Structures are given as C-alpha cells and as structure tokens.
There are 2 protein chains.
Amino acid sequence: MARKPLTKPRKYATQERSRATVDALVAATARILVKEGYDKASTNRIAETAGVSIGSLYQYFPSKEALVAAVVERHNEDIMEVVHAVLQETASLPIGLAVRQLVTAAIEAHRVDPKLHRVLAEQIPRTGKLETIDTHGRQIHALFLAYLQAHKHELRVPDVSLAAFVCVTSIEALTHNAVLHHPEMLTDKATKTLIDEASRLVIGYLQAP
Amino acid sequence: MARKPLTKPRKYATQERSRATVDALVAATARILVKEGYDKASTNRIAETAGVSIGSLYQYFPSKEALVAAVVERHNEDIMEVVHAVLQETASLPIGLAVRQLVTAAIEAHRVDPKLHRVLAEQIPRTGKLETIDTHGRQIHALFLAYLQAHKHELRVPDVSLAAFVCVTSIEALTHNAVLHHPEMLTDKATKTLIDEASRLVIGYLQAP
DNA sequence: ATAGAATGCGAGCTATAGCTCTTATTTTCT
DNA sequence: AGAAAATAAGAGCTATAGCTCGCATTCTAT
C-alpha cells in the first residue's frame with residue numbers, strides 16, 4: 001500500500017542554492033502565519049509564496065509540521081539571542097538589579113516579532129514534533145536557576161529550583177500577557193510601571209524576610 | 001454559487017430529546033479531544049461517537065468550531081463554579097488568608113479535568129469564535145479586582161487594577177504550568193509547598209513595606 | 001566535456017474534512 | 001385521529017490538503 005523510502009532521502013541542504021530555498025520556505029511560512037493565520041498556511045500556498053515548487057518543498061520538509069517547527073525554532077533562536085545577551089551582562093549583579101534586567105529582557109524578547117509570537121502561541125496546535133519544542137523555556141529556566149544558585153546567599157527561599165520555576169513562570173506569563181493582550185501597557189510609561197511591578201513581585205519573593 | 005439561508009434555521013434545542021442530542025454531541029467532542037486529540041476530532045467522528053447522525057449534528061452546530069466552542073464554554077463553567085465557590089467564602093478574609101484560598105482554588109480549578117484543559121490550551125487553534133472565548137479569564141480578573149478594592153487599606157500597591165493583573169496572571173500561570181507540565185508537583189507535599197510559595201509571592205507583593 | 005549527484009519542477013493522486021439536502025420518524029397540538 | 005412542527009438520519013457532494021513521482025535543470029568534479 002505504502003512503500004516507505006522509495007523516494008529520495010529528505011535531507012539537509014548542502015549547496016548554497018538549496019539553502020536559499022530552505023530559507024525562502026521558512027520565511028514564507030512565517031509570513032503567511034503572521035498575515036493569514038495557521039489555517040491558510042497550506043503547503044501549496046507556502047511553496048507558491050516562497051517562489052518554490054511544491055516538490056522542492058517536500059524535498060526539505062517532510063511535512064507541514066516540520067515547516068512550522070522550523071519557524072518556531074528560528075523564532076526561539078532570535079529570542080534566546082536577546083535573552084542570552086542580557087543575562088550575560090547581568091550575571092554578577094545583585095538580585096535587585098539583575099531581576100530588573102531579566103524582566104526587561106523578557107519584554108524585549110516578546111517584542112522581537114510579537115505577531116509571529118502570538119500566532120505561534122495561540123494558533124498552532126502543539127502536536128507531534130511541535131509538542132516537544134519548549135526548548136527555550138527549559139533553557140531560560142536553566143540559565144536563571146544557575147544565576148540563583150550563584151547568588152544563593154542573597155536569597156531567602158526554601159528551594160532554589162522551585163524559586164526559579166516561580167520566577168520564570170511569573171515573569172514569562174506577565175510579559176506574554178501584557179504584550180499580547182494588553183497593548184495599552186506598551187506605552188513607555190506603562191511599560192516602566194509594569195517592569196517596576198514585576199520586579200517588585202519577584203524581588204520581594206526572593207528576599208522576603 | 002452559494003445560496004445562503006436556503007436551509008433551516010440552525011437553532012437552539014427546545015424539546016427534551018434534542019437537548020439530549022446536543023449534550024451527547026458536546027460530550028463526545030470532549031471525549032474525542034481528550035482521547036485522540038484535536039486533529040482526529042472530525043465532525044463525522046464526533047457524530048458517530050455521540051451516536052448521532054452527521055445531519056443532526058449540523059442541525060445544532062453550524063461548524064466544528066462551534067462544537068469546540070461549546071466544549072470550552074462547558075469547561076469554563078465547571079471551572080468558574082469551583083472558583084466562585086471558594087471566592088465567596090473568602091470575600092471577608094484578610095489578604096493573607098484570602099490569597100492562600102485563591103491559590104488553592106486555582107489548583108483545584110486546574111484539576112477539574114486536566115486532560116481536557118491541556119488539550120484546550122495546547123491543541124486548539126484560537127481562531128474565529130474561539131478567539132474571543134477568554135470569558136473566564138476576564139471574569140476571574142474582575143472578581144479578584146473587586147476583592148482587592150474592598151481590601152484596599154491592606155494593600156501597598158500603586159495601582160490596584162494593575163496589581164490584580166499581576167496577581168491573577170502569576171497565579172494562573174503557576175498553577176497551569178505546574179498541573180500541566182510538572183506532574184511531580186502534584187504530590188500532597190509538593191502541592192502544599194507550591195501553594196506556600198505562590199502565596200508568599202503574591203502576598204509579599206501586595207503588602208510590601 | 002561529461003558523468004553523476006544535487007536540486008527543482010508541477011501535474012496529478014488519495015484521502016478525508018466539512019457540510020447539504022432529501023427523506024423518514026417522532027412529538028405536539030387540536 | 002390526523003396535520004403540522006420538530007427532530008433524526010445518512011448518502012453523497014465539493015473542495016482542498018497534503019503529498020508523490022517521473023522528469024528537467026543545474027552543479028560539482030574529474
């Protein structure tokens with residue numbers, strides 16, 4: 001009924017031309033996701049938008065899901081770049097300042113491509129490959145946990161790992177929610193207030209008497 | 001090409017028999033969502049599982065989306081029942097105790113039907129009707145804001161409304177995340193610790209010196 | 001220059017999703 | 001009892017999604 005590998009190996013691009021194709025496909029996928037939503041992002045449409053034939057598309061991506069996964073990964077990388085940068089500068093700061101930086105970074109991260117972020121968060125069914133792509137969540141958690149452990153003496157919490165979970169989850173939710181569902185919080189003034197409050201929340205928690 | 005309303009009005013069930021049909025359909029939808037995931041939940045499959053013909057299905061639900069929306073609403077109602085109950089008992093308590101109750105309620109709420117909750121949160125593309133069904137989020141926010149306003153004298157926050165946003169968002173994210181992605185936090189002991197920490201987080205924030 | 005690999009193409013297949021419409025059954029009302 | 005309204009049934013239509021496969025084109029390397 002279905003012979004499996006009669007077709008060519010669906011492998012990574014090696015020549016430059018093909019890398020361009022792959023890039024075009026991923027870019028087109030992102031564009032359509034943002035402008036038209038997940039439903040309209042059919043593989044045919046993606047190929048067409050990318051100026052690539054449907055056959056070529058399937059040479060590099062075994063499924064629509066794989067395409068979306070690539071977009072997610074690319075977006076996560078973009079975000080991690082921002083976060084990483086800020087956290088680096090922050091490593092040696094005391095908690096009071098570091099947390100503030102972290103919150104700021106979180107907001108920055110959510111501003112990288114808010115529309116795409118929203119689509120990825122709200123419209124994409126996490127199924128199959130997509131199910132397991134919370135990479136950057138884990139990563140941030142690990143980074144922040146490391147920071148906390150290095151500053152253990154400044155803390156008053158019973159369990160550092162749990163504390164990291166509490167902080168990261170809260171900050172992420174706060175910024176996510178603000179950026180995606182409360183545009184009124186994005187004026188300069190409101191953003192500042194939000195940062196203040198989020199920082200107060202977390203710092204108070206970490207250093208409570 | 002397409003004549004619009006040549007068919008019967010797609011209206012609400014009035015007789016008892018039809019109410020049963022509707023219930024069966026909603027229940028079947030929920031069951032399939034949980035057991036098979038969103039993709040497998042085709043209208044045909046739903047009708048079959050409900051023991052109802054596809055024609056009858058479309059007599060009451062104009063689309064698959066409407067069916068899912070019904071499931072979401074039913075689930076939200078279930079959750080709001082729990083939350084409402086707890087918040088009622090809590091209205092006159094001081095913040096220290098009230099927040100603890102609220103956190104507990106949040107966890108309870110997430111335990112109503114975790115599997116369904118997860119599917120609804122992770123697999124359902126928020127599109128069309130679904131886009132606007134965050135009813136219960138708004139509701140909880142309003143309820144908690146009312147509580148905070150009634151206890152304004154106990155607070156030390158610059159903006160009560162913003163404070164409500166911060167608290168509700170954090171608690172929701174914490175419990176959501178814990179219940180859905182950290183089953184190890186669901187032992188009795190771990191849950192207690194989580195409640196302690198979440199409460200400390202929020203109370204510290206609301207009453208900071 | 002030419003073989004062989006890598007890449008690109010796109011007509012077209014298969015499957016199924018969502019949905020309509022006609023016909024049959026049950027309920028309600030008089 | 002019998003007419004009319006409400007409800008149920010399900011064969012089957014339309015559309016399109018995802019994807020394959022044979023062939024054409026372009027690269028790479030000798």
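Only a predicted model underlies this, so the values are computations on that prediction, with no experimental measurement involved.
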Given DNA chain D, 5'-ward residue of the pair G55(A) and K40(A), judged by closest heavy atom
K40(A)
Let's see if you can work this out: which of dG18(C), dG8(C), dT20(D) has an atom nearest to the side-chain heavy atoms of K64(B)?
dG18(C)
Nearest-nucleotide check on DNA chain C, D39(B) vs R17(B); residue mapping nearer the 5' end is D39(B)
Return the value, rounded to whole Å, for the distance between atom CG of L57(B) and atom P of dG12(D).
20 Å
Quick one: which of dG18(D), dA9(D), dG8(C) gets closest to the side chain of S56(B)?
dA9(D)
dG8(C) phosphate, OP1 or OP2, under 4.0 Å from T21(A) side-chain N/O
yes
Integer-rounded Å distance: dG18(D) P and E48(A) CD
14 Å
Under 4.0 angstrom between T43(B) side-chain N/O and dG18(C) OP1 or OP2
yes
Would you call E77(A)-R74(A) a salt bridge at under 4.0 Å N-O?
no
Rounded to whole angstroms, how far apart are CG on L25(A) and P on dT7(C)?
13 Å
Answer yes or no: does a side-chain N or O of Y58(A) lie under 4.0 Å from OP1 or OP2 of dG8(C)?
no
Using only heavy-atom distances, determine whether the side chains of E172(A) and H141(A) contain a donor-acceptor pair under 3.5 Å.
no
Calculate the interatomic distance between I54(B) atom CD1 and dG18(C) atom C1'; express it in whole Å.
8 Å
For dA6(C) and S18(A) - does any side-chain N or O of the residue sit under 4.0 Å from the phosphate oxygens OP1/OP2?
no
Nearest of dG10(C), dA17(D), dT7(D) to any side-chain atom of Q59(B)?
dT7(D)
Give the rounded distance in Å between these two atoms: OH of Y38(A) and P of dT16(D).
18 Å
Kindly compute the distance separating CG (L145(B)) from CG (L162(B)), expressed to the nearest 0.5 Å.
11.0 Å
Length of the CZ-C1' vector between F61(A) and dT20(D), whole Å
18 Å
Distance check needed: dA17(D) P versus I32(A) CD1, whole Å only.
11 Å
Gap between atom OG1 of T175(A) and atom CD of E108(A) - 0.5 Å precision:
11.0 Å
Note: R19(A)-E16(A) ion pair, threshold 4.0 Å (strictly below):
no
Toward the 5' end of DNA chain C, by each residue's nearest nucleotide, G51(A) or N44(A)
G51(A)
Taken to the nearest whole Å, CD/E16(A) to C1'/dT28(D) is 14 Å
